[in-house]
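Presented below is the structure to which this report refers.
Just so you know, residue 1 is the first one in the sequence shown, and it goes up from there. Since we're looking at a predicted model, the values are computed, not measured.
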Amino acid sequence: MSERANFGSKLGVILATAGSAVGLGNVWRFPYMAGENGGAVFIIIYIVCVLLLGIPCMISEFIVGRHGAANTARAYRRMSGDGVWSLIGYMGVLTGFLITGYYAVVSGWCLQYIWASLIGHLQGDPEYFRQYFAELSTDPVKPVLWTVVILGLAYLIIEHGVRSGIERASKLMMPTLLFLLFVIVAASCMLPGAERGIEFLFKPDMSKLTSDVFLGALGQSFYSLSIAMGCLCTYASYFSRQTNLTTSAVQIGIIDSLVAILAGLMIFPAAFSVGVSPDSGPSLIFITLPNVFQQAFSGVPVVGYVISLLFFILLSLAALTSLMSLHEVSTAFCQEELNVSRRRAALIVTVATCVVGAFCSLSLGAVGGLTFFGKSLFDWFDFVTGQIFLPVVGFLTCIFIGWFVPHKVVRDEFTNWGTLRSLWYTRCFHCYLFLVKYVCPLAILFIFLHQFGAV
C-alpha cells in the first residue's frame, strides 16, 4: 500500500469536513423541524445540543479516525486491538453504505427539480406541486436516472483521491453553497411581511418548550453533524498530526449551525410573506417551497424563477457534499480491505449504491412487492439507519472512547501529543472526557428509548 493521503491545508480540512456535515439535514430537515417545534426555542436548544453532544461526539470520531489512520472499520479495529469494539467500525461502514443508497434518491430529486426549474415546469397552484412530486417519486425511470447521475458525479470526485478530488471539490462547492445561501436569504428577507418569519426564528416563545422540542433538537444535532455514519472518522484518517481536533470540531459545528439557521432565514420569511404555515413538515422543500417562491415573487416572475432555480442548485450542492463523504466511507473500506485501486473501489461502491438506490426509489410506488410490514424499502432504510444504527454507533463510540480506550491515548490525540499544553486545553480535555463518558451516552440512550416509546 502507498503512503496514506492527507488533506493539503487547514482550509481543506474544514471545508471538506464541514461539507460532510452540511447536507439535506441542514437545508431540508432543520427548517421543517424548527417549523414544527416552535422556531426560536428549537434553535436555542439545538445550539446547546451541538455544544454538549455534537462536538464531543465529533471529536471522538476524529480521535478514532486519526489514530487508526485507516478506513472506519480498520481504525476501530486498530484502536481496540482487534477486540469486540471493532464491530463499531463495521457497523459505521454499513450505516454509511445504506444511507448512501437512499440518500442518493433524495439527492436525485433535487437534480430533477433543477431541470424542472430550467424548463419552466415548476409553475402552478399548491395542488399542482403536490401532484408533481407524487408523480416524480413514483415514476419508474426518472428518479432512478437522477440517482445514477448524482452517484456518478460523486464517483468522478472520489476517484481523484483526497487532495485532487475531495479537497478540491469542497473548496469549490462549499463557498458556492454559502454564496447562494446568502443571495436567497437576502431576497427572502426583503419580501413584504418577512419580519414575521425572522421573528419566528429569533424571538423565543418559552411556552412552546416541551420534552418533544428538546428531544427533536437533540436528535437533529446528531443527524445534522453526520455523526456515526463513518464520514467523520474516515475524513479524520486524512488529518495530519498538526490538525487541532478540538478547534476543527468547533469550527465545523459553527459552520453547520450557521448553514442550518440561514436555511431557516431563507425559507420562513418567504413562507410567512405568503401566509404558508411554518410547520409544513417534510413536504416543505419539494411541495410547499416551489409554490412559496412563485407566490412571493409574483410581482416580478423572473426573480421567482431565478430564486427557485438557485434554491434547488443550492440543495443539490448540499446533497452532493454529503453524498461524496458517504461514498468515501465505503470507498476507503473497499480500497484497503480488498486491496484494490481507488478507482476500482470507487466504481464498486458506485455500482452497488446505484443498485440499492434503484430499489429504494422503485419501492416508493413504481414497483409492487418492495413493501414490507407497511413500509417501503426506502422507509425501512431510513428507519433502520436513522433510528437504530446511528444512535447505537454513536452510543458505543462514546462508551468505547470514554471507558475503554486508555486515557493517555485519548489525551495524546486531543492535545496533539502534548504540543497543546495550555491550561485551556487541559480544562477542555477534562470537560470533553466528562461529556463523552456521561452526558453524551445518556442523552443518546434517552433519544433511542424515547423514539420507541420506552421513556
Check whether the ring centres of [X] and [Y] lie less than 6.0 Å apart, and answer yes or no.
X      : Y      : value
Tyr103 : Phe381 : no
Phe311 : Tyr113 : no
Trp380 : Phe372 : no
Phe448 : Phe395 : no

*Where do Arg77 and Glu337 land on the salt bridge (charged side-chain N to carboxylate O under 4.0 Å, His left out) test, with the steps shown first?*
CA-CA 12 Å; Arg77 195 164 71 234; Glu337 300 304 314; 3.6 Å; yes
Give the ring-plane orientation class for [X] versus [Y], where under 30° counts as parallel, over 60° as perpendicular and anything between as tilted.
X      : Y      : value
Phe429 : Tyr432 : tilted
Phe239 : Phe62  : perpendicular
Tyr235 : Tyr238 : tilted

Heavy atoms, side chains only, cut-off 4.5 Å: are [X] and [Y] in contact?
X      : Y      : result
Ile261 : Phe202 : yes
Val50  : Asp256 : no
Ser80  : Phe404 : no

Over 12 non-hydrogen atoms of neighbours within 6.0 angstrom of [atom1] in [X]:
X      : atom1 : result
Phe400 : CZ    : yes
Lys437 : NZ    : yes
Phe414 : CZ    : yes

_side chain to side chain contact (heavy atoms under 4.5 Å, CB included), that's the test. Do Trp85 and Tyr76 meet it? Break it down for me._
CA-CA 7 Å; Trp85 292 101; Tyr76 276 92; 5.8 Å; no
*asked:* With a 4.0 Å cut-off on N to O distance, would you call Glu159 and Arg344 a salt bridge?
replied: no
*Are Arg342 and Glu328 close enough for a salt bridge, meaning some N to O gap below 4.0 Å?*
yes
*From the options Asn244, Thr415, Thr419, Asn416, select the one residue that forms a side-chain hydrogen bond (donor to acceptor under 3.5 Å, both in side chains) with Tyr425.*
Asn244
_Candidate list Leu435, Val250, Ile252, Ile254, test side chain to side chain contact (heavy atoms under 4.5 Å, CB included), partner Ile55, passing option_ = Val250
*Got a donor-acceptor contact below 3.5 angstrom from the Thr321 side chain to the Ala16 backbone?*
no
*To the nearest 0.5 Å, tell me how far His121 NE2 sits from Tyr132 OH.*
7.0 Å
*First locate atom CG of Leu309, then atom CH2 of Trp115, and finally report the distance between them rounded to the nearest 0.5 Å.*
12.0 Å
*Where Ser117 and Ser308 come nearest, the two heavy atoms and their spacing*: OG-OG, 3.8 Å
